[in-house]
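Remarks on the structure that follows.
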Amino acid sequence: QVSREETDQLCAENTGSVARYSSSFTAWEYFPRDLEERRWPAAVLAMYEDLGLVHRFGIERSTLARFVLMVRKGYRDPPYHNFSHAYSVAHFAYLMLKNLQLVESRCLDDLESLSLLTACLCHDLDHRGTTNSFQVASRSVLASLYSSEGSVMEQHHFAQSVCILNTDGCNILSELPPKDYTQCLDMVRGMILATDLSRHLSIMTELEAMASGGYRSCEPRHRRLLHSLLMTAADLSDQTKRWLSSKKAAKLVYREFFSQGDMEKQMGNDPSEMMDRERAFIPKLQIQFLDDIALPVYSLMGSLFPACEEVYAQTKANRRCWQRMADICSRRNATNVQSIDVFD
Ligand SMILES: Cc1nc2ccc(C(=O)N[C@]34C[C@H]5C[C@H](C[C@H](C5)C3)C4)cc2n2c(-c3ccccc3Cl)nnc12
Ligand SMILES: [Mg+2]
Ligand SMILES: [Zn+2]
């Protein structure tokens, strides 16, 4: 429930061209959180407009304004998985649509473009800063609802998205013909579920096969694989930005991990090393995450879309910085340095 004046104010914002937010708003290296926080909803509206989605799908501006404000309200405030993350992920999807010309090159159609941007904005709705395995271990309500199908949090994020769309005056898909409406919701569901990294890892071999054999837009399986890859690329995009920004994002992720580890200890469970502030050596864990998960994603993106190679290059540069940090810390015998202090 968003106030009338908030909606009217956002609606009245002449969102105009995205250049209003930054002259480098459409550059890969642009860090969306550099824009002051109160302007993020207007920037989201501008992205929908700039991609031609408002016009193409007859979205009422006041409906889009109410929808974005409801989505912002739908996020809690854990260190990392808050609205600033959702806004950043949506911005990276915007960058891919824009800079890779995914619609112009007919890799995606308009409906997929609308689904991708909307899925990114909604993909972590109502996140509590804890993982799927923690839901099951702590017997949370969400686990009781969703653990049989796996991806507990991601199923909840999708359910929250549907709730917002069904709220009066917030349904940005209301003007879609029934067939498109159903298809769009199906794609948003698949895209949000794809942000479960366990699912991503399980399709890596198929993604590699698609990247080496070449993307065939005529094959429905290829289109769904591309949706998944684009979602993961957007979800991890903090790691593709300049070193200080990506280091700061990692710090927030580990703040979430360590508070989950603290809760697991209180529950009498042993947290994994990644979640345990006493055991974790962050530079090493970050190198592992980049090598095993992030770098392969951007390497695949680079081989499918040459214009994305600089994103892969920056992620590789960040990995080198983590390697330097690991060398320095282990020389300085990291054990006497509180693991979270490596960020300072
Ligand atoms: C900087 C950074 N580091 C990260 C280090 C590790 C992991 C992580 O989930 N690892 C795995 C490692 C294996 C196989 C699966 C399931 C589990 C066991 C846990 C994944 C995520 C990290 N991550 C994310 C992120 C992206 C999507 C969802 C949640 C998050 Cl937190 N966004 N930024 C970061
Ligand atoms: Mg998530
Ligand atoms: Zn996310």
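Every number for a ligand or one of its atoms is a count from 1 in the order of the listing.
Relative ring orientation between Tyr87 and Trp40 is described as parallel, the plane-to-plane angle staying below 30° on a 0-90° scale split at 30° and 60°.
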- Task: Starting from the C-alpha separation in whole Å, work towards a yes-or-no answer on side-chain contact (heavy atoms from CB on, under 4.5 Å) for His127 and Arg76.
- Result: CA-CA 7 Å; His127 203 292; Arg76 298 189 190 196; over 6 Å; no
- Task: Quick one: do Met210 and Leu304 satisfy side-chain contact (heavy atoms from CB on, under 4.5 Å)? Show the steps, please.
- Result: CA-CA 9 Å; Met210 180 173 79; Leu304 283 165; 4.2 Å; yes
- Message: Between Tyr75 and Asp126, does the side-chain contact (heavy atoms from CB on, under 4.5 Å) criterion hold? Intermediate values first, please.
- Response: CA-CA 5 Å; Tyr75 278 87; Asp126 196 36; over 6 Å; no
- Task: Given side-chain contact (heavy atoms from CB on, under 4.5 Å), test Leu114 with Ile59 step by step and report yes or no.
- Result: CA-CA 11 Å; Leu114 174 66; Ile59 302 174; 4.2 Å; yes
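Counting only heavy atoms, the protein never gets under 4.0 Å from atom 13 (C) of ligand 1. For atom 16 (C) of ligand 1, a protein non-hydrogen atom is found at a distance below 4.0 Å. At a distance under 4.0 Å, a protein heavy atom can be found next to atom 27 (C) of ligand 1.
Glu256 contributes a side-chain N or O that, together with a main-chain N or O of His81, makes up a donor-acceptor pair within less than 3.5 Å. Side chain of Thr167 to backbone of Cys170: no donor-acceptor contact under 3.5 angstrom is found.
Ile293 and Leu193 are members of different hydrophobic clusters when ILVMFWY side chains are connected at heavy-atom separations under 4.5 Å.
Taking atom 31 (Cl) of ligand 1 as the reference point, the nearest protein heavy-atom neighbour is Phe257 CZ, 3.6 Å. Of the protein's non-hydrogen atoms, the one nearest atom 21 (C) of ligand 1 is Phe289 CE1, 3.7 Å. Nearest non-hydrogen protein atom to atom 29 (C) of ligand 1 is His81 NE2, 4.0 Å. Here the protein heavy atom with the shortest distance to atom 10 (N) of ligand 1 is Met274 CE, 4.1 Å. Nearest protein neighbour of atom 20 (C) of ligand 1, counting heavy atoms only, is Leu197 CB, 3.8 Å. Closest protein heavy atom to atom 3 (N) of ligand 1: Gln286 OE1, 3.3 Å. Closest to atom 33 (N) of ligand 1, if we only count protein heavy atoms, is Val253 CG2, 3.7 Å.
With a 4.0 Å cut-off on non-hydrogen atoms, Asp292 does not touch ligand 1 at all.
Salt bridge status for Glu175 with Arg56: absent, with no side-chain N to carboxylate O gap under 4.0 Å. A salt bridge links Lys265 to Asp276: one of the charged nitrogens lies within less than 4.0 Å of a carboxylate oxygen. Under a 4.0 Å N-O distance rule, the pair Asp34/Arg242 qualifies as a salt bridge. In summary, Arg61 and Glu49 engage in a salt bridge, as defined by a charged side-chain N under 4.0 Å from a carboxylate O. In summary, Lys248 and Asp238 do not engage in a salt bridge, as defined by a charged side-chain N under 4.0 Å from a carboxylate O.
Annotation: side chain of His227 is not in contact with side chain of Met231 (no heavy-atom distance under 4.5 Å). Side-chain atoms of Ile282 and Phe258, non-hydrogen and from C-beta on, do get closer than 4.5 Å to each other. Between Leu100 and Met301, the closest side-chain pair of non-hydrogen atoms falls below 4.5 Å.
Heavy-atom proximity to Leu236, at under 4.0 Å, picks out these atoms of ligand 1: 26 (C). Ligand-side atoms of ligand 1 in range of Leu201: 14 (C), range being under 4.0 angstrom from any heavy atom. Less than 4.0 angstrom separates some heavy atom of Asp235 from each of these atoms of ligand 1: 27 (C). Contact atoms of ligand 1 toward Gln239: 1 (C) (distance under 4.0 Å to a heavy atom of the residue).
Within a radius of less than 2.8 Å around the Mg ion (ligand 2), the protein N, O or S atoms are Asp124 OD1. Note on the Zn ion (ligand 3): protein N/O/S atoms under 2.8 Å are His85 NE2, His123 NE2, Asp124 OD2, Asp235 OD1.
Exactly one residue among Arg223, Arg216, Arg221 makes a salt bridge (Lys or Arg N to Asp or Glu O under 4.0 Å) with Glu219. That residue is Arg216.
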